[in-house]
Structure formats: C-alpha cells, structure tokens
Amino acid sequence: TLNHLRHVESLATLPSGAGGIPKLNAVILGESLASEEDDLVFPSDDFSRRAHIPSPQKYLEMYRRSIEDPAGFWSDIASQFYWKKRWGQPVYSENLDIRKGRIEIEWFKGGISNICYNCLDRNIELGNGEKIALFWEGNEPGTDGSLTYNQLLQRVCQLANYLKDVGVQKGDAVVIYLPMLMELPIAMLACARIGAVHSVVFAGFSAESLAQRIMDCKPKVVITCNAVRRGSKIIHLKDIVDAALAESAQNGFAVDVCLTYENHSALEKSKTKWQEGRDTWWQDVITKFPTTCDVEWVDAEDPLFLLYTSGSTGKPKGVLHTTGGYMVYTAATFKYAFDYKPSDVYWCTADCGWITGHSYVTYGPLLNAATVVVFEGAPNYPDSGRCWDIVDKYKVSIFYTAPTLVRSLMREGDEYVTRYSRKSLRVLGSVGEPINPSAWRWFFNLVGDSRCPISDTWWQTETGGFMITPLPGAWPQKPGSATFPFFGVQPVIVNEKGVEIEGECSGYLCVKSSWPGAFRTLYGDHERYETTYFSAFPGYYFSGDGCSRDKDGYYWLTGRVDDVINVSGHRIGTAEVESALVSHPQCAEAAVVGVEHEVKGQGIYAFVTLVEGVQYSEDLRKNLVSTVRKQIGAFAAPEKIHWAPGLPKTRSGKIMRRILRKIASRQLDELGDTSTLADPSVVDELIALADS
Ligand code: 6R9
C-alpha cells in the first residue's frame with residue numbers, strides 16, 4: 001500500500017547508525033514475511049501526522065541529541081516544571097563502573113522542587129483546575145466517582161496536614177496498603193507533598209510480607225482500609241494489617257498510627273477490629289483539616305519513594321527513587337510513548353502497588369495533567385467484557401495493560417469485546433512481560449480494530465520509567481518487539497564475558513549510562529545495589545533480562561535470565577517461595593523454577609523434599625501451597641508441587657536449576673550433562689515421580 005511505501009522510503013534514507021545511535025535499516029519492499037522479524041505494522045498516516053514524534057527522522061534527531069548532550073536534552077524537559085530553585089552544575093553525575101569505585105547516579109542535584117506541586121498546583125495554575133484528574137470505577141458496575149484537579153489537590157492537602165499533625169516529617173517513611181481507591185494516589189501525593197517517603201505495598205501481599213516491609217522501612221504511619229471487594233470476593237485488609245503490625249511489634253518495631261479508610265461498600269465499620277490509640281478512621285479525622293497545605297520543597301535527590309521488589313536471592317529489595325529525575329523521566333516517557341494529548345482519557349489497569357501504578361497511574365499522567373481512570377475491581381467481573389465496558393463508559397483513548405490480561409480475555413471469546421464500541425481507543429499499551437505475537441495480534445486487530453498502535457514498553461521497578469518502547473507514530477511496529485530505546489537510554493547487549501556485541505545478536509541486556517529515572521540505591525543496602533546490578537558486567541547496569549536485536553535494530557526481550565519468575569507480570573523471587581515452603585515443618589528443602597504458562601506467562605513449579613519419615617499426600621500438597629499464599633500472597637501460589645526424594649546437586653551442594661527447569665517443562669531429552677551431579681540417580685527418580 002501507499003502507506004507502506006512512504007515508510008519504507010523514509011526508513012531507507014535514514015543515516016546508518018554509529019556510536020550507539022540505533023539503526024533503522026531499510027526494510028526491503030515486497031519481500032514476503034519470512035519471520036516475525038519481517039512482520040511490520042504501520043501507524044496510519046493520520047496518526048503519524050498528529051503524533052509528537054511523527055517520523056523515524058524526528059526520533060533519530062531527538063535520540064541523537066539525548067545521547068550526545070544528555071544535560072541539555074533533559075534540562076529542556078525539566079524546565080517545563082516548576083523548580084523553587086534551579087539545579088546546579090553539572091546537571092547529572094554518574095559512576096556506573098564498579099571498577100572505578102562507588103556506584104552513584106545524580107540528576108538535577110541542587111534543584112529544589114516538589115513532585116506533588118508539579119502534578120497538582122502547577123497544572124491548576126495552567127488552567128486545569130476543573131479538568132477531571134481521576135475517574136474512579138468501583139468493583140460493582142454503577143459505583144463510581146471522580147475528582148477534578150482542584151478537588152484532588154484539596155483531598156491531598158487534607159491528608160498531608162493530617163500526616164504532619166501526627167508527626168510525619170520530611171524523610172519519614174509511610175507505608176500504604178490500599179486497594180485501587182482514589183485514596184491510594186491521594187496518599188502517595190500527600191506523602192510527596194510533605195517530603196515523606198511512601199512505600200506502597202500491593203494489597204495482595206500477605207501479612208507476613210507486609211510485616212517484613214514494615215520492619216525494613218519503619219514507617220511512622222500505615223495507611224489502609226477496612227476491606228475491599230475484588231470480583232465476588234471480600235478481602236479484609238485491616239485484618240491483614242493488624243496481623244502485620246502485631247508481628248512487627250513482636251519483633252521490636254511498633255507502628256504508632258494506623259489510618260484506616262472506611263470502604264463501606266465492602267464492609268461495615270462496626271465489623272472492623274480496632275486497636276484504640278493506634279487506629280483512626282480516615283473519614284473521622286481528615287475532613288477536620290484545612291484543604292490547603294504548604295509544600296515541603298525538597299532537593300531533586302531527596303527520596304520520593306521506596307518500592308520493594310523481588311530479586312533472585314534473599315529478602316525483597318527496597319528500590320529507592322528520588323524526586324527530580326524520576327519526575328522528569330516519568331512525565332516525558334508518558335507523553336511520548338503514549339503520544340499523550342490533553343484530550344485523552346487514560347486507563348492503566350496496573351495496581352499502584354507495583355511500579356507501573358507509581359509511574360503510570362499516578363505520577364507520569366498527573367504531571368501531564370491527564371485524566372486517569374482508577375479501577376478498583378477485577379477485569380473479568382461481572383464478566384469478561386468489563387474492560388471494554390469501562391473503555392466505553394469513560395471514552396478511554398489510551399489503554400495500558402499486561403499481556404497476561406490480554407491472553408486471559410482472548411480465551412473468553414471475541415463477543416465480549418465486539419459487544420462494545422471501543423471507538424474512543426487511540427493507543428494501546430503492554431507491560432510486564434514479553435507479549436507473544438498472537439496476543440499482540442488479537443489486542444491490535446480485535447480490541448484496537450487494527451487502528452491503534454501498541455506501545456510494548458520494556459522497563460523495570462529499578463528503571464523508574466520506560467526504557468525500550470515504541471513511539472507510536474514514529475515507525476512501524478513488529479508484534480512482540482519493544483522496538484527502540486527511549487531518549488537518553490543506551491541499551492547494550494553483552495555476551496557472557498560482558499563484552500558488548502554489535503548488530504544482530506542476542507545476549508544479556510545492559511544499559512551503558514544513567515538516565516534520570518534510574519533508582520539510586522537499595523534502601524539501607526548500597527552494597528547489595530552494587531553487587532546485584534553493577535557487578536555481573538562491570539561498566540554497565542545489568543537488567544537481569546535476556547534480549548536480542550534483529551537486523552533492523554529492533555529489540556526483542558526474551559525474559560529473565562536470573563532466578564526471578566514473572567507470574568502474570570508480577571516479579572517473584574525463587575528464594576522467597578523456597579523459604580516460604582521450607583518454613584513448613586514437614587518440608588526439608590525446596591527448589592522453585594518457572595515454567596511456561598498459557599495465561600500467566602510463567603507459573604511456579606516447586607520441587608520439595610520432605611522431612612525424614614513424612615509421607616507425601618494431597619493434604620500436605622495443599623498445606624504447602626497455602627503456606628506460600630499465607631507468607632507471600634495468593635499470586636505467588638505454586639502451580640505444581642513436585643515431591644522429590646532428593647534434589648540434583650553439584651558436589652559443592654549447589655542445586656542444578658537448569659536440570660529442574662527441564663524436568664518441570666518435561667523437556668527430558670534436553671537434560672544435558674548430569675555427570676557432574678553428586679548423585680545422578682536423583683534425576684531418574686524425579687522423572688519417574690513427575691506425573692504422580
Ligand atoms: C514494569 C515492570 C520487570 C521485569 C523485566 C522483564 C519484564 C516488563 C516487559 C518485560 C518484556 C516488556 N518486563 N515489561 N519483558 N517486554 N514490555 O514490569 O517492572 O515488576 O520490576 O518487572 O518484567 O523481565 O525485567 P517489574
């Protein structure tokens with residue numbers, strides 16, 4: 001088609017890449033699609049013409065500048081925000097090379113600002129006071145609400161005043177354990193306004209996981225609600241918080257204040273357990289506070305939040321993000337990757353308990369004065385058409401979700417989608433794991449009526465914002481590829497020796513230089529930060545992901561190469577599940593691997609050995625699964641428990657997960673060399689027990 005021609009011509013005239021500038025090689029016209037690599041999907045002319053980045057040339061021009069002059073490039077974007085005092089020189093400083101000493105990243109140091117002010121007050125001054133900031137859609141169809149920017153600011157100020165009143169000061173931690181109510185972004189913004197450091201814990205985590213996080217960051221206040229409805233289930237969040245606070249207190253850290261929002265649609269106030277002196281109802285106190293609150297001006301490098309995430313070993317890591325760089329980065333990535341325009345209505349299905357909810361429910365969109373839909377419920381309740389019902393109800397134009405949701409809806413049949421108009425949709429987005437081309441196609445063809453580009457955004461809790469992402473009007477997409485790096489990002493692919501490889505290749509995905517949204521440390525453990533991310537391949541930030549680059553320079557993420565499992569886009573460390581399993585008195589040892597799962601992407605497969613004399617039984621299996629649910633959360637429950645008389649170990653006692661992965665996925669002819677095992681016969685035993 002003509003459209004195709006235009007792009008091919010423009011791509012063909014691109015300068016060839018040099019010095020870290022990505023190549024957008026010519027795509028040969030008329031060649032039949034030999035593979036996924038050649039499957040190009042073009043934005044319409046109309047879309048491109050109106051887009052912020054309408055062409056590969058424009059991208060390359062901006063990308064080149066962002067790499068050659070990062071200070072100038074990011075200063076221009078940062079200048080769009082309000083700074084009480086402008087940052088000093090240099091604009092950024094970094095050391096990503098462990099061989100040269102301490103790893104350090106700073107952006108806009110000396111600049112004094114406040115992200116809450118930039119989300120709310122500034123946007124109100126720009127004339128958005130009466131614009132809807134948040135639409136809230138409750139679990140039950142028909143329950144909803146909204147707040148304008150003016151109203152949101154008032155709510156945030158009241159809570160901020162309350163927090164100050166109970167003694168929260170700049171730098172203090174506040175733990176937030178809330179479902180997707182408007183009070184969740186309100187609580188985040190209130191913390192940011194007074195310089196407090198929020199740590200949102202996803203409200204699907206168990207009491208024990210919550211306690212662990214509370215004991216680590218020692219918050220002045222915990223904010224929660226009594227209960228929530230998700231689909232047809234009621235979850236008593238306050239009970240979970242009570243248990244976590246009790247555990248924390250037993251371990252020497254008592255939280256003084258537990259602010260509890262009454263979510264009366266889920267549970268009567270009178271049915272909520274209460275600890276006088278510690279517990280306060282949100283609705284009883286908040287309205288007594290003034291609706292204005294002075295801003296605490298903070299340094300760009302002052303901490304904004306902590307978010308715990310899973311690693312391959314040990315306890316969850318407190319990823320720390322600071323204020324200035326994160327602000328500039330989430331705002332810019334949101335604007336360009338979704339081609340955001342002021343008339344858009346934006347909905348991201350992620351929960352604020354994950355990084356996606358931090359950067360792309362709360363901060364990125366609000367910094368752009370966007371209208372954001374916050375959805376409390378489950379995407380398949382009351383039926384699998386709920387998402388498209390919400391899209392039509394609010395005229396959602398940008399819809400951002402995870403491949404696991406796409407795949408699960410895909411299985412329910414097209415009628416749930418086609419029943420709704422969806423004509424407001426303009427841009428789609430995907431995050432959390434690689435999106436398989438067939439799910440991409442379904443999302444694109446059916447949900448988006450073949451007219452909405454899909455931004456398949458690759459990034460991480462650690463990166464703060466998008467790293468490799470389509471810019472929807474700029475170039476053709478390839479289903480399943482996250483395409484090219486965002487401005488200022490220099491991805492490199494290295495081999496196992498840590499040597500950068502060029503051109504068409506696959507290997508480990510690293511990043512060569514810092515970007516404003518990068519995390520600055522792991523809370524209380526800078527050494528772990530350095531060893532986990534900067535030691536494997538000295539000189540680079542190592543993402544933990546495998547990746548390949550095709551002949552046209554497109555990046556294809558291939559999943560984690562470490563012991564992190566990605567279940568429905570949720571990161572779960574094998575070590576966490578293993579330690580939950582072995583806490584069961586009858587479990588001697590556990591080894592956990594990820595296996596392919598049709599809907600969830602990956603499922604958890606656990607090998608367990610039992611304490612001497614204990615018989616494996618269905619009851620024990622159930623008990624083991626519920627131990628994991630209880631200790632981590634339901635989302636981490638193993639799909640399969642595989643009883644093992646022994647685990648394959650090397651002579652030095654290291655469990656050979658490579659072999660366990662093959663057994664778990666029944667790739668028995670690919671077990672490889674087992675001769676280095678201390679006892680090779682355990683492998684045969686394991687195989688024999690595989691389906692028993
Ligand atoms: C944002 C988020 C990070 C891990 C990451 C990778 C996987 C995320 C992806 C993707 C392929 C994408 N991941 N987005 N893989 N394509 N578009 O999910 O953060 O929870 O920290 O997970 O998720 O494996 O390393 P987080």
Side-chain angles (χ1 to χ4, degrees), residues 200-202 204-205 305-312 316-321 326 329-330 333-334 337-338 348-361 363-364 400-407 428-437 439-440 443 454-470 477-486 489 491 506 508-511 517-519 522 532-533 536 541-549 554-573 576 594 600-602 635-636:
V200 183
V201 178
F202 172 57
F205 274 109
F305 66 85
L306 272 179
L307 182 57
Y308 288 87
T309 190
S310 293
S312 46
K317 306 172 283 195
V319 168
L320 185 115
H321 283 282
Y326 177 84
Y329 199 70
T330 52
T333 45
F334 176 79
F338 293 133
C348 164
T349 63
D351 191 288
C352 285
W354 309 107
I355 190 67
T356 305
H358 282 64
S359 303
Y360 302 107
V361 173
Y363 293 114
Y400 186 35
T401 193
T404 182
L405 180 71
V406 175
R407 287 192 298 264
L428 303 174
S430 172
V431 62
E433 53 173 319
I435 181 165
N436 45 308
W440 196 102
F443 197 24
I454 299 177
S455 288
D456 173 5
T457 60
W458 176 81
W459 60 296
Q460 308 177 295
T461 305
E462 293 86 345
T463 69
F466 305 151
M467 297 294 280
I468 300 182
T469 175
Q477 303 191 298
K478 298 188 184 188
S481 164
T483 73
F484 298 101
F486 191 72
V489 174
S506 48
Y508 303 99
L509 182 62
C510 292
V511 186
F519 67 141
L522 293 178
T532 312
Y533 300 100
Y541 163 73
F542 174 44
S543 66
D545 278 331
C547 181
S548 62
R549 189 167 42 216
Y554 283 67
Y555 287 83
W556 300 75
L557 277 300
T558 53
R560 302 287 304 191
V561 294
D562 54 11
D563 290 328
V564 172
I565 305 178
N566 189 331
V567 180
S568 299
H570 302 331
R571 272 168 71 168
I572 300 165
E576 287 168 73
K600 300 178 182 174
Q602 278 190 304
F635 62 92

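No hydrogens, no waters, no symmetry mates; every other heavy atom, side chains included, goes into these values. Every number for a ligand or one of its atoms is a count from 1 in the order of the listing. Since this is a predicted model, take the numbers as computed values, not measurements.
In this structure, F466 has its ring center under 6.0 Å from that of F338. Outside the 6.0 Å centre-distance limit, the rings of Y329 and W459 are not counted as a close aromatic pair. Centroid-to-centroid, the aromatic rings of Y555 and F484 stay 6.0 Å apart or farther. Aromatic ring centres of Y308 and F205 lie farther apart than the 6.0 Å criterion allows.
If you check the side chains of Y400 and T457, you find a donor sitting under 3.5 Å from an acceptor.
In this structure Q602 satisfies the side chain to side chain donor-acceptor pair (under 3.5 Å) test with no other residue, sequence neighbours excluded.
Within 4.0 Å of ligand 1, heavy atoms belong to protein residues I355, T356, V431, G432, E433, P434, D456, T457, W458, W459, Q460, T461, D545, L557, R560, N566, R571.
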